[in-house]
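Step one of this worksheet: look at the structure below.
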Amino acid sequence: MKTKNIYLSLLMLAFIGILSTSCSSSLKPLTPSHFNVTPSPLETVGNEVPVSVNGVFPEKWFNSHATVTVTPVLKFAGREAYGTPYTYQGDKVAGNGIVINKNRGGNLAMNFKYEYEPAMRESELYLRFNAKIKGKTVKLPEVKVADGVVATSALASALNTDPSDAQDAFQRIIQQKQDANILFLIQQADLRSSELGKSEIAAWKKRVKDAYMDDRQNVDIEISAYASPDGGLTLNEKLAAEREKRTSSYLDKEMKKQDVNTAINARYTAQDWEGFRQLVEASNLQDKDLVLRVLSMYDNPEEREKEIKNISLVFQDLAETILPQLRRSRLTANIEIIGKSDDEIMSFWKSNPKELNIEELMYAATLSDDATQKEKIYQYITANYPQDYRAWNNIGTSFYRAGELDKAMQAYTRALQVKSQAPEANVNLALLALNNNETDKAQELLGTASGAKNLDQAMGLLYLKNGQYSQAVEAFGDVKTNNAALAQLLTNNYNKASETLKAIENPDATTAYLMAVIAARTNNFNDVTANLRTAIQRDSAMKMQAATDLEFAKYRSNSEFQMLMN
C-alpha cells in the first residue's frame, strides 16, 4: 500500500512537471522585430494620431489554452494614453477573441488612434500584454515599437485664419439710367405732339436737368433710333436714319432751352431684330415659340421676314402688338451719382453722424485703423440700426483679431439673434469651434455660410483639421497664409509651400517655423537654422517646440543646432 502511494505521488509530480513545461514552452517574450508600426515615427493627421500595428505570433508560440489581450500604450510626460485593445486566443479557448493556431502561428493587426496633445511629441509607443492560460496569469514584458509623434499638421490654426467681416454696400459712384421712348407711325419719321407731350418724356427731361444741375451728378445722353424689321432693309435704313436725325434736332433744342450742356450720342438701327426677339419672348402670343424658332433658324433678315409673314395668323398679332413698339427713338440718360468722399464721411461721423446712412457708416469703420474708433462706429450702428446684424459681427471680428475669443463669441451670438442665418457670423463661430477642435460643429456652421467673405479659408482649415490635405489645398486656392502653406507642405509640394510663405504680407513665427520644416525635409541645414532663429526671435516658445520636434531629429547632434536650442 505504501509503495502504491509513493508511486501515485511520483506520478502526480511528473504530471505537474509536464503542465509546467507546457506552460513555459509557450508565450515567451516578444521583441520589436515581431512588429511593424505605420507610420514610424507616429504622425498627426489633423488633431489625431492614427496608428497601424502589424505583427506576427511565431509558430509554436501561442498556447492552445491561452488568451492574450494586447493594449497599445503611448507614454509621455509621465502619463499614459491607451489605444484600442485587441484580444487573441488559442484554438481551444471558447471566446470572442481572434483565434491563433498554436502550430501555424498567426498575424496581429491593430488600428487605433490618440487625441493629440503637444506633449506627445516626446513619447514612446509600447504594446502591453495581458496573458492567461486556463485562468492563470502569465507575465510578458511590454514591447516598445515606436518613438515620438511628428506633429506638423497640428500647426494648423484658427487664430491664423482671418475672420469674416460683413461688408458694406457703399458705392462712391452709383450708375443710373433713365429711359423714355418716342414712338413713330409705320414708315414715318414725324415727331408727333402726342408723343412729345407724354408724361414719360417730361419726367425724363426733368431728371436730366436735375442731374446736370447737381454738383454730385454727371449726365450724358444717348439716342437710339430704330425701324421695325418689316418693310425691307433699304427702306428701314433711310427711315431709322431720319428718325435719329429728327430726334437729335428736337433734343438739342430742348436741352438748350433748359441750359443743359451735355454730350448727346446718337445712332440708329435699320431693323431691330434684337428688340423684336425680346418683345416676343415677353409676350403672350399663342405661337411665340414658332416665331422664336424662325429667328434662330434664319440669319438673313429677308428670309426671317418672309418666314414670319408666312405664319399669317401670328403675323397679324405681331403687326398689332409687337411691331408698333419697335418704331421708336429711345432716349437714355446715363447718370453718375457721386457719393461722399472719405474725408467727408469721417467729418460727418465726428460732427453729425445722422447725416450718414448705414452703408456710409459701415464704410466709415473701414477707414480707421484705430480699434477703439471702429468699435465706436459699430456700437453707434447697433444702437441706431438694431435690425442690421453686420455691426455686431464686425465687433466680434475685432475681438477675434485681438485674441479676446469670449467677447468675440458674445458678439457673434448677438449677430445671430438679429439674423439667424447671418453667413459671416456662422463662419466666425465655425472658426471658434475649430479652435477647440470641434470639427463636426464647424462643418455644420459652414454649411449655412454661403457667400460669406473668407469662407474658403475656413473650409480649408476644416479640411486640414480633418486630415483632408488635398481638399484643403483646393479650398485655399491662391491665398497666401500659413494654413495654406501648411496644406501644400503636407501634400509634399514644398516649392509651392515655400512660395506661399514668402508671399505672406505679415509673416510671423509660424511662417518662419514652416520654412524651417520645409528646409529640414529638403535637407537644407543652413535654412533650417536661419529660419528657426527667425521663428525664435518672433516667439521664444518656438525654441522648446523645435527642440522636441521630430522634424529636426536628425540635426539634434549638430553643434550649431544645439547652440540654437540652448
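Side-chain contact between Tyr212 and Asp259 is absent, with no heavy-atom pair separated by less than 4.5 Å. Residues Thr534 and Arg538 have side chains in contact (heavy-atom distance under 4.5 Å, counting atoms from C-beta outward). A heavy-atom distance below 4.5 Å is found between the side chains of Ile381 and Ile377. Within the 4.5 Å cutoff, the side chain of Arg521 has heavy atoms near those of the Asn492 side chain. Within the 4.5 Å cutoff, the side chain of Asp539 has no heavy atoms near those of the Tyr513 side chain. Side-chain contact between Asn218 and Ile335 is absent, with no heavy-atom pair separated by less than 4.5 Å. The closest side-chain heavy-atom distance from Arg192 to Leu183 is below 4.5 Å. A 4.5 Å side-chain heavy-atom check between Leu185 and Asp190 finds every atom pair outside the cut-off.
Between Asn426 and Ala449, the shortest heavy-atom contact is CB-CB, 4.2 Å. Taking every heavy atom of both residues into account, Ala484 and Val479 meet most closely at CB-O, 3.5 Å. Between Pro229 and Asn236 the shortest heavy-atom distance is O-ND2, 3.8 Å. Contact record, Ala497 with Ile518: CB-CD1, 3.7 Å, taken as the closest heavy-atom pair. Contact between Ala189 and Leu239 at its shortest, heavy atoms only, is N-CD1, 4.2 Å. Taking every heavy atom of both residues into account, Ala240 and Ala227 meet most closely at CB-N, 4.1 Å.
Judged purely by atom type and a 3.5 angstrom limit, Gln325 uses its side chain to pair as donor or acceptor with the backbone of Thr321. With hydrogens and angles disregarded, a donor-acceptor distance shorter than 3.5 Å links the side chain of Thr366 to the backbone of Tyr363. Tyr412 contributes no side-chain N or O that, together with a main-chain N or O of Ala425, makes up a donor-acceptor pair within less than 3.5 Å. Put simply, the side chain of Asn394 gets close to the backbone of Ala166: a donor and an acceptor are under 3.5 Å apart. Side chain of Thr448 to backbone of Leu445: a donor-acceptor contact under 3.5 angstrom is found. At distances below 3.5 Å, at least one donor-acceptor pair connects side-chain atoms of Thr413 with backbone N or O atoms of Met409. Remark: side-chain polar atoms of Tyr469 are paired, donor with acceptor, to backbone N or O of Gly46 under 3.5 angstrom.
To the nearest 0.5 Å, atoms CG (Leu191) and CG (Leu196) are separated by 5.5 Å. In this structure, the separation between CG on Leu155 and CD on Glu551 is 9.0 Å, given to the nearest 0.5 Å. In this structure, Ile358 CD1 and Asp388 CG are separated by 3.5 Å, a value rounded to the nearest 0.5 Å. Here the straight-line distance linking atom CD of Glu254 with atom CD1 of Ile264 works out to 10.5 Å at 0.5 Å rounding. Note that CD1 of Ile395 and CD of Gln379 are 4.0 Å apart. Values are rounded to the nearest 0.5 Å. With rounding to the nearest 0.5 angstrom, the CE atom of Met515 is 11.5 Å from the CG atom of Leu532.
Within a 6.0 Å sphere centred on NZ of Lys205, other residues, nucleotides and ligands contribute more than 12 heavy atoms. Crowding of Glu274 atom CD: a count of heavy atoms from other residues, nucleotides or ligands under 6.0 Å exceeding 12. More than 12 heavy atoms of other residues, nucleotides or ligands sit less than 6.0 Å from atom CD of Glu281. Asn352 CG: more than 12 foreign heavy atoms inside a 6.0 Å radius. Atom NZ of Lys480 is surrounded by more than 12 heavy atoms from other residues, nucleotides or ligands within 6.0 Å. Surrounding NZ of Lys245 are at most 12 heavy atoms belonging to other residues, nucleotides or ligands under 6.0 Å away. Residue Asp370 qualifies as enclosed at atom CG: its count of foreign heavy atoms under 6.0 Å is above 12.
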### Query
Glu360 and Lys340: salt bridge (Lys or Arg N to Asp or Glu O under 4.0 Å), yes or no, with the steps?
CA-CA 8 Å; Glu360 291 168 334; Lys340 299 179 182 71; 2.9 Å; yes
### Task
Quick one: do Asp369 and Lys374 satisfy salt bridge (Lys or Arg N to Asp or Glu O under 4.0 Å)? Show the steps, please.
CA-CA 8 Å; Asp369 293 326; Lys374 284 179 180 286; 5.7 Å; no
### Task
List the steps and the verdict of salt bridge (Lys or Arg N to Asp or Glu O under 4.0 Å) for Arg327 and Asp230.
CA-CA 10 Å; Arg327 301 167 188 137; Asp230 59 320; 3.5 Å; yes
#### Entry: Evaluation steps, side chain to side chain donor-acceptor pair (under 3.5 Å), between Ser164 and Asn454
CA-CA 6 Å; Ser164 181; Asn454 293 337; 5.6 Å; no
### Query
Would Leu318 and Phe276 count as a side chain to side chain contact (heavy atoms under 4.5 Å, CB included) if you check the C-alpha gap in whole Å, the side-chain angles of each, and the deciding distance to 0.1 Å?
CA-CA 9 Å; Leu318 292 172; Phe276 178 80; 3.9 Å; yes
### Query
Hey, mind stepping through Val150 and Thr44 against side chain to side chain contact (heavy atoms under 4.5 Å, CB included) and telling me if it holds?
CA-CA 6 Å; Val150 176; Thr44 55; over 6 Å; no
### Message
One pair to check against salt bridge (Lys or Arg N to Asp or Glu O under 4.0 Å): Arg216 and Glu344. What are the steps and the verdict?
### Response
CA-CA 13 Å; Arg216 287 191 175 276; Glu344 287 174 321; 2.7 Å; yes
### Task
Take Ile173 and Gln175 through the side chain to side chain contact (heavy atoms under 4.5 Å, CB included) test and state the conclusion after the steps.
CA-CA 6 Å; Ile173 297 176; Gln175 304 286 350; 3.9 Å; yes
### Task
Carefully, step by step, assess Asn265 and Asp220 under the rule side chain to side chain donor-acceptor pair (under 3.5 Å).
CA-CA 8 Å; Asn265 302 303; Asp220 65 63; 4.7 Å; no
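Screening Gln171, Gln167, Arg390 for a side-chain contact (heavy atoms from CB on, under 4.5 Å) involving Glu359 leaves a single residue, Arg390. Each of Leu429, Asn435, Asn428 was scored for a side-chain contact (heavy atoms from CB on, under 4.5 Å) with Leu431, with one residue passing: Asn428.
Stacking of Arg328 on the aromatic ring of Tyr226 is recorded, both the 6.0 Å distance cut-off and the 45° axial limit being met.
The aromatic ring centres of Tyr389 and Trp392 sit 6.0 Å or more apart.
Ring-plane geometry between Trp349 and Tyr380 is classed as perpendicular, the angle between the planes exceeding 60 degrees on a 0 to 90 degree scale with a lower cut at 30.
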